[in-house]
Protein chains: 2
Amino acid sequence: MGGTGTGGGGAARRGASGPGGGPRASIRAVATLAGVSPSTVSRALNNPELVNAETRRRVLECAERLGYRPNRAAQSLVLGRTRNVGLIVPDIANPFFAPFIKGVEAYFRDTEYAVFLADTDEDTATEVRLAEAMVERVDGLILCAPRMTGARLRAVAARTAVVLANRTSGAAPSVLLDFRPGMEQAVAHVHALGHRRCAYLAGPANSWSNRQRRRFLGAACAERGIELVDLGPYEPRFTGGYRAADEVLAAGVTAVFAYNDLVALGVLSRLAARGVPVPGELSIVGFDDVPMASMTNPPLTSVAMPVNALSRAAAATVHAMLDPRAPKAPPLPPATELATRLLIRGTTGPA
Amino acid sequence: MGGTGTGGGGAARRGASGPGGGPRASIRAVATLAGVSPSTVSRALNNPELVNAETRRRVLECAERLGYRPNRAAQSLVLGRTRNVGLIVPDIANPFFAPFIKGVEAYFRDTEYAVFLADTDEDTATEVRLAEAMVERVDGLILCAPRMTGARLRAVAARTAVVLANRTSGAAPSVLLDFRPGMEQAVAHVHALGHRRCAYLAGPANSWSNRQRRRFLGAACAERGIELVDLGPYEPRFTGGYRAADEVLAAGVTAVFAYNDLVALGVLSRLAARGVPVPGELSIVGFDDVPMASMTNPPLTSVAMPVNALSRAAAATVHAMLDPRAPKAPPLPPATELATRLLIRGTTGPA
DNA sequence: ATGAAAGCGCTAACAA
DNA sequence: TTGTTAGCGCTTTCAT
């Protein structure tokens with residue numbers, strides 16, 4: 001090589017020390033110790049079948065002895081992939097998302113991928129910022145109920161593999177919940193109990209779920225001649241329902257469909273505090289079937305979502321996009337839909 | 001340069017395309033377009049003051065035009081840092097951790113760091129595996145109430161900057177909650193109400209919080225001559241308390257201290273279902289002051305944790321370890337302690 | 001089956 | 001102020 005400069009990037013890595021406290025072992029150190037070239041070490045680690053068994057054994061032993069860990073940045077640089085996947089949800093504290101997250105994490109637990117989880121706090125700007133930050137650090141991204149615009153979504157999808165959960169877009173494949181069956185069952189149930197004037201407690205106006213729920217609910221009610229009063233929007237939490245309860249009472253309805261279980265639980269709690277009997281005076285239907293729904297008194301009638309199936313479908317879909325050899329043979333459907341269903345419990349009764 | 005081989009790593013990156021759909025722009029493309037060298041582009045981006053204003057303007061414009069985004073893997077490789085920090089918690093669904101997580105995320109939102117969040121499902125093996133995976137991808141790690149052994153913790157701390165939350169160890173600095181004041185206030189309160197035989201509903205046996213809570217509670221009770229019955233362990237969730245309630249009733253105590261609010265809420269709910277008056281027949285004290293604690297009927301007396309302060313302290317501590325210029329002047333205390341306090345609400349009354 | 005060389009995209013030390 | 005050069009640690013052709 002020509003040139004005389006001393007050159008040189010490379011800064012000290014913090015905390016990067018080997019077992020002996022010395023500097024972190026590189027592939028070269030292993031190669032030297034094993035008396036082979038770096039390429040052989042690389043092969044022994046990544047393509048064992050290309051290396052003589054005895055050589056491999058020795059290399060592996062040396063690597064072990066030095067506590068060698070391949071440098072991920074270097075691998076990412078040369079391979080062009082990070083082996084990270086991102087997961088963005090609106091609110092980790094929302095009991096609907098917790099199982100979703102856990103499902104995704106569980107799926108990737110046994111793969112080479114690590115999952116980057118982030119919470120947007122239900123805020124669009126934060127969601128966009130997080131997506132930008134993620135895109136640079138992952139090979140694929142699961143966007144759960146994104147609020148961002150279609151254009152922005154397209155920009156993100158152009159930079160990394162994206163799967164949408166609870167939202168459709170031409171820009172990326174999606175996994176969806178089919179609200180219709182659950183909604184129709186809920187409305188049929190309430191109708192059979194004699195309710196003719198009901199309320200819908202809306203969630204965030206810009207939320208896809210909210211629009212979907214309202215839409216199917218409206219259709220089902222219209223079909224059966226149920227009058228539907230719109231209330232809200234309320235924040236999709238316990239406190240939202242707490243606040244909603246008083247407005248419900250003032251609206252003169254005999255049954256309510258809450259945006260989600262949290263809201264329904266808030267209503268239930270506030271009603272108990274005000275001494276209003278449920279379902280005697282008011283019937284309540286929740287959405288999501290969160291764990292606590294079955295534990296209140298009375299237990300909450302709710303539309304259950306197959307969240308677990310949804311999360312695994314989402315995970316499997318990105319995985320398939322990243323690694324063609326991943327499980328999931330069929331040629332990626334643009335949208336996977338999973339049916340919801342009504343769970344009748346104690347908060348619904350005769351009008 | 002000598003040599004004749006054509007060499008070469010580099011694989012196709014998926015989804016890596018520029019605005020025109022072409023291959024992703026590199027720093028060299030920008031340099032060429034702007035008629036400068038790559039170093040100048042690098043400087044214009046990272047050390048603007050080292051570059052002529054006009055040159056910088058042109059470079060920035062070209063970068064913008066090409067949709068240039070620096071390759072993080074390359075930066076990480078040369079800089080020796082990822083600009084990621086990891087956060088490991090036992091359970092994102094636990095309302096105690098949700099605010100903690102959000103606090104950490106909020107802190108780093110305005111920094112150059114992205115946060116990698118992971119959930120161990122309260123499982124030690126998972127925790128260890130996640131920590132291993134994280135260590136390779138982050139510059140620093142916040143370990144929330146880790147269950148891993150001290151030896152393992154030391155190994156992790158040797159590889160990256162670590163901050164412990166709710167756990168101490170010689171291996172890394174920690175941020176802690178000081179349970180004593182809250183516990184003493186709770187016991188004094190219950191004692192003043194005339195209770196002399198109480199129960200502690202234990203959480204996970206291997207949990208640091210559980211041991212701490214039990215310890216301070218035991219001390220405070222002994223001091224005031226209160227007999228303390230140990231029940232459990234229960235899983236630290238709503239369902240755990242649900243199950244605990246019946247055992248509490250059988251134990252013949254007049255007041256209980258639950259491991260956390262979730263358990264307390266479960267007890268309260270089950271008691272309501274069985275028609276047992278609270279606090280008439282049994283007084284209940286929770287721990288954590290989760291949002292829902294103030295919304296039940298009656299609202300839950302609970303020991304409040306300064307979680308927000310805790311999370312910010314944890315975040316600021318790792319940040320300071322990563323970047324000496326980060327806020328937080330004082331020379332890293334080995335442990336930061338934050339006081340808890342009792343919030344008296346409706347679930348505690350005369351014996 | 002193994003090694004030598006080249007280069008992924010970037011930053012920084014040095015020279016000009 | 002800017003360009004040149006070297007190299008971060010790894011994988012992968014190509015040659016042996």
Side-chain angles (χ1 to χ4, degrees), chain A residues 1-13 16 18 23-32 34-59 63 66 68-83 136, chain B residues 1-13 16 18 23-32 34-59 63 66 68-83 136:
Chain A
M1 303 209 175
T4 49
T6 46
R13 242 164 296 2
R24 171 85 161 277
S26 77
I27 200 172
R28 223 151 45 207
V30 177
T32 305
V36 296
S37 76
S39 346
T40 300
V41 176
S42 174
R43 282 190 283 252
L45 261 22
N46 307 318
N47 299 86
E49 71 282 4
L50 297 183
V51 163
N52 177 293
E54 166 55 16
T55 311
R56 184 172 73 235
R57 203 200 49 67
R58 203 170 67 246
V59 167
L66 294 177
Y68 170 71
R69 315 289 295 151
N71 177 315
R72 278 195 117 70
Q75 286 184 321
S76 292
L77 179 57
V78 65
L79 261 14
R81 18 179 312 214
T82 59
R83 287 187 287 173
E136 310 188 339
Chain B
M1 299 207 177
T4 50
T6 45
R13 242 163 301 345
R24 171 87 161 276
S26 76
I27 200 172
R28 229 161 28 216
V30 178
T32 305
V36 297
S37 78
S39 349
T40 300
V41 176
S42 174
R43 281 189 285 250
L45 262 22
N46 308 318
N47 298 86
E49 70 282 5
L50 296 184
V51 162
N52 176 293
E54 165 54 15
T55 310
R56 185 172 71 235
R57 202 199 49 68
R58 202 171 66 245
V59 167
L66 294 177
Y68 171 71
R69 315 289 294 149
N71 178 316
R72 281 197 113 74
Q75 288 183 319
S76 292
L77 179 56
V78 65
L79 261 16
R81 21 182 311 226
T82 60
R83 288 189 284 172
E136 310 188 340

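Numbered from 1 within each chain, the chains take letters A, B, ... in sequence-line order. Since we're looking at a predicted model, the values are computed, not measured.
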Atom CD of A/Glu136 and atom P of C/dC10 are separated, to the nearest Å, by 11 Å
Taking every heavy atom of B/Ala31 against every heavy atom of B/Ser37, the minimum-distance pair comes out as CB-C, 3.7 Å
As a check of understanding: the bend across the helix from C/dA1-D/dT16 to C/dA16-D/dT1, end axes from five pairs, rounded to 10 degrees, works out to 40°
Tightest non-hydrogen contact, residues B/Ala74 and B/Asn71, listed as N-OD1, 3.0 Å
Regarding the side chain of A/Val36, the nearest nucleotide among C/dG3, C/dC8, C/dC10 is C/dG3
*Have a look at A/Ser26 and say if it touches a base, only the backbone sugar-phosphate, or nothing, with a 4.0 Å heavy-atom cut-off.*
sugar-phosphate
Can you tell me whether the side chain of A/Arg43 and the base of C/dG3 have a donor-acceptor pair closer than 3.5 Å? yes
Short side-chain N/O contact to D/dC8 OP1/OP2 from A/Asn71, under 4.0 Å: no
When all nucleic acid strands are considered with a 4.0 Å heavy-atom cut-off, which category describes A/Thr40: base, sugar-phosphate, or nothing? sugar-phosphate
To the nearest angstrom, the CG-P distance between A/Leu79 and C/dA6 comes to 21 Å
From CG of B/Asn47 across to C1' of D/dT1 the rounded distance in Å is 13 Å
note: B/Leu77, atom CG; D/dT11, atom P; distance rounded to Å ~ 12 Å
Side chains of B/Arg83 and B/Gln75 only: does a donor on one sit below 3.5 Å from an acceptor on the other? yes
With sequence neighbours left out, the residues meeting salt bridge (Lys or Arg N to Asp or Glu O under 4.0 Å) with B/Glu54 are B/Arg57
Closest to the side chain of B/Ala74, out of C/dC10, D/dT11, D/dC10, is C/dC10
When rounded to whole Å, the CZ to P distance for the pair B/Arg81 and C/dC10 reads 17 Å
Under the 3.5 Å rule, do the base of D/dT12 and the side chain of A/Ser39 count as making a donor-acceptor pair? yes
Between CZ of B/Arg28 and P of C/dT11 the distance, given in whole Å, is 13 Å
When rounded to whole Å, the CG to P distance for the pair B/Asn46 and C/dA13 reads 13 Å
Rounded to whole Å, the CG-C1' distance (A/Leu45 to D/dT12) equals 15 Å
Across the strands shown, which category fits B/Thr55 at heavy-atom distances under 4.0 angstrom: base, sugar-phosphate, nothing?
sugar-phosphate
Hey, is the side chain of B/Gln75 poking within less than 4.0 Å of OP1 or OP2 on C/dT11, counting only N and O atoms?
yes
So OG of A/Ser42 and CG of A/Leu50: to nearest 0.5 Å the spacing works out to 10.0 Å
Correct closest heavy-atom pair for B/Ala44 and B/Val59 would be CB-CG1, 3.8 Å
Check: Can B/Thr82 and B/Glu136 be said to form a side chain to side chain contact (heavy atoms under 4.5 Å, CB included), step by step?
Finding: CA-CA 9 Å; B/Thr82 60; B/Glu136 310 188 340; over 6 Å; no
